[in-house]
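Below, all heavy atoms of this structure are taken into account, side chains as well, without hydrogens, waters or symmetry copies.
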Amino acid sequence: MNYPLILGLYGLSKNKENISGYKIVSNSKASEILQTAWDIGIRYLDTASSYGEGNADKLIQEARKRGSKFKLYSKVGLDIRSGIFNSDTSYLRNQITKLKNYHNDHIHSLLLHSPPKELLEQKNFLLKFFQDVKNILGHEVNVGISLASPKDYILVRD
């Protein structure tokens with residue numbers, strides 16, 4: 001079976017300050033890396049709207065203008081800078097809608113990004129998130145959860 005290689009944009013989107021062990025990468029260098037990735041056959045990107053405070057989305061849009069039609073694995077919910085998960089359903093719907101506006105039919109999968117344990121135990125919350133993603137992005141988009149800890153798996157396995 002052939003598995004796709006997925007390029008993560010967390011480090012590439014850091015164009016303002018050196019955080020989380022990643023050095024600053026200029027947008028021109030990040031664009032060059034994305035073009036090289038496309039040229040060697042990488043077709044999927046792992047991203048989140050908060051990566052680089054939205055810089056990742058801009059880099060992807062620029063790559064798309066140059067013909068690189070990457071499919072995205074994206075995440076919503078966690079603010080990377082503060083480390084705080086926002087569980088407000090209106091906020092999450094807004095984030096999903098922004099993704100649709102930025103990337104339309106290029107979204108392969110959308111994950112709930114590192115929700116706290118107490119939310120993982122709320123099946124109604126998870127179902128609502130699933131329904132919102134499908135209603136906004138379409139039924140072909142995969143929906144999942146990016147767990148904060150492997151131990152959290154026990155909370156969502158049923």
Side-chain angles (χ1 to χ4, degrees), residues 1-15 20 22 25 27 29-116 119-120 122-148 152-153 156-157:
M1 181 174 248
N2 190 13
Y3 295 99
L5 186 59
I6 304 166
L7 176 64
L9 290 188
Y10 184 70
L12 287 182
S13 65
K14 303 295 180 192
N15 67 344
S20 302
Y22 291 89
V25 177
N27 281 347
K29 185 64 174 174
S31 293
E32 180 183 320
I33 292 168
L34 285 174
Q35 185 62 51
T36 300
W38 182 263
D39 291 346
I40 65 170
I42 295 173
R43 298 295 183 256
Y44 295 92
L45 300 175
D46 167 46
T47 188
S49 57
S50 60
Y51 285 4
E53 296 177 349
N55 192 47
D57 286 327
K58 292 175 187 170
L59 291 169
I60 295 165
Q61 288 175 323
E62 288 299 316
R64 198 172 292 132
K65 288 178 187 175
R66 293 188 309 275
S68 303
K69 308 293 184 192
F70 291 105
K71 287 287 198 176
L72 307 180
Y73 288 75
S74 195
K75 298 174 281 301
V76 296
L78 181 68
D79 180 300
I80 298 296
R81 291 184 68 77
S82 69
I84 297 172
F85 183 86
N86 189 334
S87 63
D88 179 72
T89 54
S90 296
Y91 170 80
L92 292 172
R93 277 195 303 273
N94 182 45
Q95 291 296 299
I96 297 165
T97 301
K98 277 176 62 176
L99 274 171
K100 180 173 179 64
N101 292 338
Y102 284 150
H103 304 294
N104 199 8
D105 61 345
H106 296 281
I107 302 167
H108 180 277
S109 301
L110 185 63
L111 307 174
L112 199 56
H113 196 188
S114 304
L119 278 181
L120 293 173
Q122 296 178 22
K123 301 256 187 242
N124 287 338
F125 174 81
L126 297 175
L127 181 59
K128 177 72 173 130
F129 175 73
F130 177 86
Q131 291 170 335
D132 285 344
V133 171
K134 295 294 186 174
N135 288 337
I136 296 169
L137 297 179
H139 291 280
E140 67 284 349
V141 173
N142 298 302
V143 182
I145 302 170
S146 176
L147 298 174
D152 293 344
Y153 169 72
V156 293
R157 69 177 181 186

Undergrad: Which heavy atom of Ala37 sits nearest to which heavy atom of Phe70, and what is that distance?
TA: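 The answer is CB-CZ, 4.4 Å.
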Undergrad: Any side-chain heavy atom of Ile42 within less than 4.5 Å of one from Trp38?
TA: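 No; the side chains remain at least 4.5 Å from each other.
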Undergrad: Would you check, one step at a time, whether the test side chain to side chain contact (heavy atoms under 4.5 Å, CB included) holds for Leu99 with Asn104?
TA: CA-CA 7 Å; Leu99 274 171; Asn104 199 8; over 6 Å; no
Undergrad: Can you name the one residue among Lys65, Lys58, Arg64 that meets side chain to side chain donor-acceptor pair (under 3.5 Å) with Glu62?
TA: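 When side chain to side chain donor-acceptor pair (under 3.5 Å) is applied between Glu62 and each of Lys65, Lys58, Arg64, only Lys65 qualifies.
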Undergrad: Report the residues that fulfil side-chain contact (heavy atoms from CB on, under 4.5 Å) with Tyr91, sequence neighbours left out, ordered by chain and then residue number.
TA: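 Here the qualifying residues are Asn86, Asp88, Gln95.
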Undergrad: A side-chain contact here means heavy atoms from C-beta on lying under 4.5 Å apart; do Ile145 and Leu126 qualify?
TA: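 Yes - at least one pair of side-chain heavy atoms lies under 4.5 Å apart.
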Undergrad: Can you give me the closest heavy-atom contact between Leu59 and Leu12, atom names plus distance?
TA: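 The pair with the smallest heavy-atom distance is CD1-O, 3.8 Å.
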Undergrad: Is there a side-chain contact between Gln35 and Arg66 in this structure, where contact means two heavy atoms from C-beta onward sitting under 4.5 Å apart?
TA: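 Gln35 reaches Arg66 side chain to side chain.
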Undergrad: Looking at every non-hydrogen atom in both residues, tell me the closest pair between Phe125 and Leu92 and how far apart they are.
TA: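 Minimum heavy-atom separation between Phe125 and Leu92: CZ-CD1, 3.7 Å.
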Undergrad: If you measure from CG on Leu7 to OH on Tyr44, what distance do you get to the nearest 0.5 Å?
TA: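 Spacing of CG (Leu7) from OH (Tyr44) equals 14.0 Å.
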Undergrad: For residues Gln61 and Asp57, is any side-chain donor paired with an opposing acceptor at under 3.5 Å?
TA: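 There is no such pair (donor and acceptor under 3.5 Å, judged by atom type) between the side chains of Gln61 and Asp57.
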Undergrad: Does Asn135 use its side chain to pair, donor to acceptor, with the backbone of Gln131 at less than 3.5 Å?
TA: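 Checked: pair present.
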Undergrad: What is the distance from atom NZ of Lys100 to atom CD1 of Ile136, rounded to the nearest 0.5 Å?
TA: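 Reported to 0.5 Å precision, the distance equals 9.0 Å.
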Undergrad: Can you tell if the side chain of Val76 reaches within under 4.5 Å of the side chain of His113, non-hydrogen atoms only?
TA: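 A side-chain contact is absent here, since even the closest heavy-atom pair is not under 4.5 Å.
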Undergrad: Can you tell me how far the CG atom of Asp132 sits from the CD1 atom of Ile96, to the nearest 0.5 Å?
TA: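 Rounded to the nearest 0.5 Å, the CG-CD1 separation comes out at 5.5 Å.
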Undergrad: Quick check for you: to the nearest 0.5 Å, what is the distance between Gln122 atom CD and Ser87 atom OG?
TA: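 That separation rounds to 8.0 Å.
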Undergrad: Any side-chain heavy-atom pair from Ser49 and Lys98 closer than 4.5 angstrom?
TA: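 No. Closest side-chain heavy atoms not under 4.5 Å.
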Undergrad: Give the minimum heavy-atom separation between Gly11 and Val25, together with the two atoms involved.
TA: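 Reported closest heavy-atom pair: O-CG2, 3.7 Å.
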Undergrad: So, does Lys134 use its side chain to make a donor-acceptor pair with the main chain of His139 at under 3.5 Å?
TA: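 Answer holds: yes.
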Undergrad: Just do the side chain to side chain contact (heavy atoms under 4.5 Å, CB included) check on Leu9 and Asp46 with the steps written out, would you?
TA: CA-CA 6 Å; Leu9 290 188; Asp46 167 46; over 6 Å; no
Undergrad: Any idea which heavy atoms bring Leu110 and Val133 closest together, and the distance?
TA: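 Result for this residue pair: CD2-CG2, 3.6 Å.
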Undergrad: Looking at CG of Leu45 and NE2 of His106, how far apart are the two atoms once the value is rounded to the nearest 0.5 Å?
TA: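 So the CG of Leu45 and the NE2 of His106 are separated by 11.5 Å.
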Undergrad: Which heavy atom of Leu119 sits nearest to which heavy atom of Phe85, and what is that distance?
TA: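 Between these two residues, the closest heavy atoms are CD1-CE2, 3.3 Å.
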Undergrad: For the CD1 atom of Ile33 and the OG atom of Ser31, what is their distance to the nearest 0.5 Å?
TA: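 Between atom CD1 of Ile33 and atom OG of Ser31 there are 9.0 Å.
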Undergrad: Could you work out, with salt bridge (Lys or Arg N to Asp or Glu O under 4.0 Å) as the rule, every residue matching Lys29, not counting sequence neighbours?
TA: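 For Lys29, the residues satisfying salt bridge (Lys or Arg N to Asp or Glu O under 4.0 Å) (neighbours in sequence not counted) are Glu32.
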Undergrad: Would you call His103 and Ile60 a side-chain contact if the rule is heavy atoms closer than 4.5 Å?
TA: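 SC-SC contact between His103 and Ile60 confirmed.
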Undergrad: When you look at CG of Asn124, are more than 12 heavy atoms from neighbouring residues, nucleotides or ligands closer to it than 6.0 Å?
TA: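 No, CG of Asn124 has 12 or fewer neighbouring heavy atoms, counting only those of other groups under 6.0 Å.
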Undergrad: Would a 4.5 Å heavy-atom cut-off, applied to side chains only, mark Pro115 and Leu112 as touching?
TA: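 Yes, their side chains come closer than 4.5 Å.
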Undergrad: Are side-chain heavy atoms of Tyr73 and Asn142 found at a separation under 4.5 Å?
TA: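 Tyr73 does not reach Asn142 side chain to side chain.
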